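What follows is a single structure, written as structure tokens, with notes after it.
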Amino acid sequence: MKPTIKHIFSPLAAKTVKELLLLLCLMGLVSCQSSDPGTPFSRMDEIRQRGTLLVGATGDYRPLSYLDPQTNTYWGFDADFAEIIGKGLGVKVEFVPTSWPTLTEDMLNEELFDIALCGITITDARKEIMLMSEGYLHNGKTILCRKEQANRYQSIDDINQPDVKVMVNPGGLNEKFAHEHLSNSQIIVHPKNEEIPSLIAEGKADIMISEIVEATYYAQNDERLAAPLLDQPFTHSLMGVLMRKGDEELLRHVNNTIHSCKKDGTLKRLHEKYGFTYEW
């Protein structure tokens, strides 16, 4: 016997979008056919049925993923790349707010979003509990400081001093790096990453732990700031797209998109658009 509307709205009703879609399939209200007939209903099926790719984004990371408060829209390299991924699926993209302290928890919550794409570094720790795509952008830890102090900060030792105030955003790899390598400095955790460059320029702190793509942007767009160690980053890393384990079909689509964008020049054009060096 097919379930009725009464079943759908009973206390045992679906708790996730996936469960709801499965119930709707049983009622005959939507197609139950998977994109691969030999596999069960998947995240890719859910996205296509929904017509929207839900993308988790912190919205605080210029020029990768930034939520413009004036227009309430996301812009940046990663925002553009998310649209490309969505287009390949034939769906629209909807950005869902998250934060660095809650990123992992939010990603593991199936009800919030399908992927996270907002300047996320590929790490072994993340890959242990989640899926990460291949890299699409080179990056690395560096610093942002006031222009007049650029010559003072030429190494970790120059920064790791008791009189140096280092400002970081909470919950991400910047804070982790500061605590691991700058134990002698005064570490200040500021809740909003996008506000830190201006606070550095105003003298509220001396150093922002940042990354190459972010530091380059602010050094180019704020004449008060400098990024003196761009050619000598403390770390070398790759940015990737974050997903849940079990969503291997979606991972394949994202990786295929990355490969295609490298091959047809799309990735190169995105690098040039946002002032990055193309290294592939």
Side-chain angles (χ1 to χ4, degrees), residues 13-25 30 32-59 61 64-65 78-79 81-139 170-176 235 237-262:
K15 295 180 180 179
T16 68
V17 172
K18 184 177 289 186
E19 290 173 353
L20 177 58
L21 285 170
L22 287 171
L23 285 170
L24 292 175
C25 282
V30 297
C32 292
Q33 184 175 359
S34 169
S35 57
D36 181 349
T39 63
F41 200 79
S42 70
R43 175 74 52 182
M44 293 272 280
D45 297 309
E46 181 180 326
I47 292 167
R48 289 186 174 119
Q49 292 282 7
R50 188 197 305 136
T52 307
L53 176 67
L54 302 178
V55 180
T58 58
Y61 194 167
L64 294 181
S65 174
D78 282 9
F81 192 54
E83 295 288 348
I84 293 170
I85 294 172
K87 184 177 180 180
L89 290 167
V91 299
K92 296 180 180 179
V93 168
E94 179 181 333
F95 293 98
V96 180
T98 184
S99 69
W100 295 110
T102 65
L103 177 61
T104 298
E105 179 184 354
D106 290 348
M107 184 73 255
L108 295 175
N109 183 344
E110 293 197 10
E111 297 184 9
L112 292 181
F113 42 78
D114 306 305
I115 65 174
L117 179 54
C118 53
I120 301 170
T121 301
I122 299 172
T123 67
D124 289 338
R126 284 176 172 144
K127 290 167 71 174
E128 283 183 4
I129 57 175
M130 293 172 283
L131 297 178
M132 290 214 75
S133 73
E134 297 176 17
Y136 61 84
L137 180 64
H138 288 271
N139 211 1
L173 295 182
N174 290 341
E175 182 182 12
K176 184 174 185 288
T235 65
S237 59
L238 292 171
M239 297 296 192
V241 183
L242 197 61
M243 286 154 275
R244 279 176 288 275
K245 284 194 173 182
D247 292 342
E248 280 77 11
E249 185 185 5
L250 180 57
L251 175 65
R252 285 193 294 273
H253 169 73
V254 172
N255 282 336
N256 287 338
T257 301
I258 292 171
H259 295 163
S260 297
C261 288
K262 289 178 181 179

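Not measured: the values here are computed from a predicted model.
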* Spell out, as yes or no, whether a donor-acceptor pair under 3.5 Å connects the side chain of E175 to the backbone of G171. => yes

* Taking only residues at least two apart or on different chains, which pairs with a member in residues 250-261 satisfy side chain to side chain donor-acceptor pair (under 3.5 Å)? -> E134-H259

* Asked: Given T52 and V91, is the side chain to side chain contact (heavy atoms under 4.5 Å, CB included) satisfied, shown in steps?
  -> CA-CA 5 Å; T52 307; V91 299; 5.6 Å; no

* Which atom of Y61 lies closest to which atom of G119, heavy atoms considered -> CE1-O, 3.6 Å

* Structure fact -> Residues L117 and I85: closest non-hydrogen pair is CD2-CD1, 4.1 Å

* Structure fact -> Output for pair (T58 OG1, L64 CG), nearest 0.5 Å, gives 9.0 Å

* **Qualifying residues under ring pair (Phe, Tyr, Trp, His ring centres under 6.0 Å), relative to F81, sequence neighbours excluded** => Y136

* Which pair of non-hydrogen atoms, one from L131 and one from G246, has the smallest distance, and what is that distance? -> CD1-N, 4.3 Å

* So, the side chain of R244 versus the backbone of M107: is there a donor-acceptor pair under 3.5 Å, distance only? -> yes

* Worked check of side chain to side chain contact (heavy atoms under 4.5 Å, CB included) between L173 and T235 -> CA-CA 11 Å; L173 295 182; T235 65; over 6 Å; no

* More than 12 heavy atoms of other residues, nucleotides or ligands under 6.0 Å from NZ of K176: is that the case? -> no

* To do: Can you measure from CD1 (I122) to CE (M132) and round to the nearest 0.5 angstrom?
  => 5.0 Å

* Asked: Can you tell me how far CD of E248 sits from CE of M44, rounded to the nearest 0.5 angstrom?
  -> 12.0 Å

* Structure fact -> Between C261 and I84 the two heavy atoms that sit nearest each other are SG-CG2, 3.9 Å

* To do: Kindly write out the residues that satisfy ring pair (Phe, Tyr, Trp, His ring centres under 6.0 Å) with H138, not counting sequence neighbours, or none if the list is empty.
  => W280

* **Counterpart residues, salt bridge (Lys or Arg N to Asp or Glu O under 4.0 Å), relative to D78 (two or more places apart)** => none

* **Closest contact, heavy atoms only, A57 versus S65** => CB-OG, 3.5 Å

* **Gap separating the CE atom of M130 from the CG atom of L251, nearest 0.5 angstrom** => 13.0 Å

* Asked: S133 side chain to V241 main-chain N or O, any donor-acceptor pair under 3.5 Å?
  -> yes

* Asked: Which value, rounded to the nearest 0.5 Å, describes the distance between I120 atom CD1 and S237 atom OG?
  -> 12.5 Å

* Structure fact -> Quick note, side chain to side chain donor-acceptor pair (under 3.5 Å) partners involving residues 81-102, not counting sequence neighbours, are D60-W100, T98-D106, S99-T102, T102-D106

* Asked: If you look only at pairs with a residue in residues 113-123, which of them pass as a side chain to side chain donor-acceptor pair (under 3.5 Å), with sequence neighbours excluded?
  -> R43-D114, R50-D114, T121-E211

* Asked: Pairs in or reaching into residues 101-123: which pass ring pair (Phe, Tyr, Trp, His ring centres under 6.0 Å), with residues at least two apart or in two chains?
  -> none

* Asked: Can you tell me how far the CG atom of L108 sits from the CD1 atom of I129, to the nearest 0.5 Å?
  -> 5.5 Å

